[in-house]
Amino acid sequence: MSFVLVCIIFTEYKSINSNTMKIKHLILAMTALFSFFGCTAANNGTAVNNGKKVLVAYFSATGNTKAAAEKIAKATQGNLYAITPAEAYTSADLNWNDPDSRSSKEMNDPAIRPALAGNMTDVRNCDVVFLGYPIWWGIAPRIINSFIESGDFNGKRIFLFATSGGSGIDQSIDELRKAYPALDFAGGKLLNRASQSSVNSWVSGILND
């Protein structure tokens, strides 16, 4: 389509003899070209963040939640932050069939708070936080508690997102609301294999509210 419009511009420019008409037709053709690209960007580009400062924080053990987080960051033009454990999880650690695996022990003890690697991101200037994680044992991994308890999220609107092999997100939202009643967990969405356009639609409704 863009090739056709460029050809139109070139044809118009060659076929008009008057300098005035050349300029007039060239401007009209260029306007059509820019309008086309403007519409393409509006349809396929990022969602408007409406002036809100956005943080997209996520923990991803296998890469699925990371992919969802990157789409949210693209849609919101927000700051992307990976919640990283001080000790990386191995395949054996993630074996939920093994009651002695690291993840099994963590999820069976609500008091466990896995240590975080690196410096905690500054959340003070954020208006909206998108917080993502894989669903473990029906709820958020304990490292999400570590993250929440390491920053000041009072006054922030927090939207949860998750990926899962079969469980929904509702139980994890309920558990976090019970654990941190003072925080504003405003909603959440399961983003298994979500397209960029569906993510754009979701975050647009949030940021333009």
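Hydrogens, waters and symmetry mates are skipped; everything else that's a heavy atom, side chains included, is used. Small disclaimer: the values here were computed from a predicted structure and weren't measured.
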Does any non-hydrogen side-chain atom of I206 lie less than 4.5 Å from one of F159?
yes
How far apart are the C-alpha atoms of W96 and Y89, what are their side-chain angles, what is the distance that settles it, and do they pass the ring pair (Phe, Tyr, Trp, His ring centres under 6.0 Å) test?
CA-CA 12 Å; W96 60 274; Y89 288 92; over 10 Å; no
S172 versus Y133, side-chain donor and acceptor atoms under 3.5 Å
yes
Charged N-O contact under 4.0 Å between K52 and D127:
no
Polar side chain donor-acceptor pair, S195 to S198, under 3.5 angstrom
yes
Can you find a side-chain donor-acceptor pair between S104 and S101 that sits under 3.5 Å?
yes
I want to check something: taking the side chain as every heavy atom from C-beta on, are F130 and I158 in contact at a cut-off of under 4.5 Å?
no
Between the side chains of E106 and R102, is the shortest nitrogen-to-carboxylate-oxygen separation below 4.0 Å, so that they form an ion pair?
yes
Backbone of P114 reached by a side-chain donor or acceptor of S146 within 3.5 Å
yes
Is I135 close to T163 at the side-chain level, that is, under 4.5 Å between some pair of heavy atoms?
no
Polar side-chain atom of D93 near backbone of T90 as donor-acceptor pair, under 3.5 Å
yes
Residue pair L55 / V128, side-chain heavy-atom distance below 4.5 Å:
no
Out of the candidates Y180, F59, F153, only one should pair with F147 under the ring pair (Phe, Tyr, Trp, His ring centres under 6.0 Å) rule; please name it.
F153
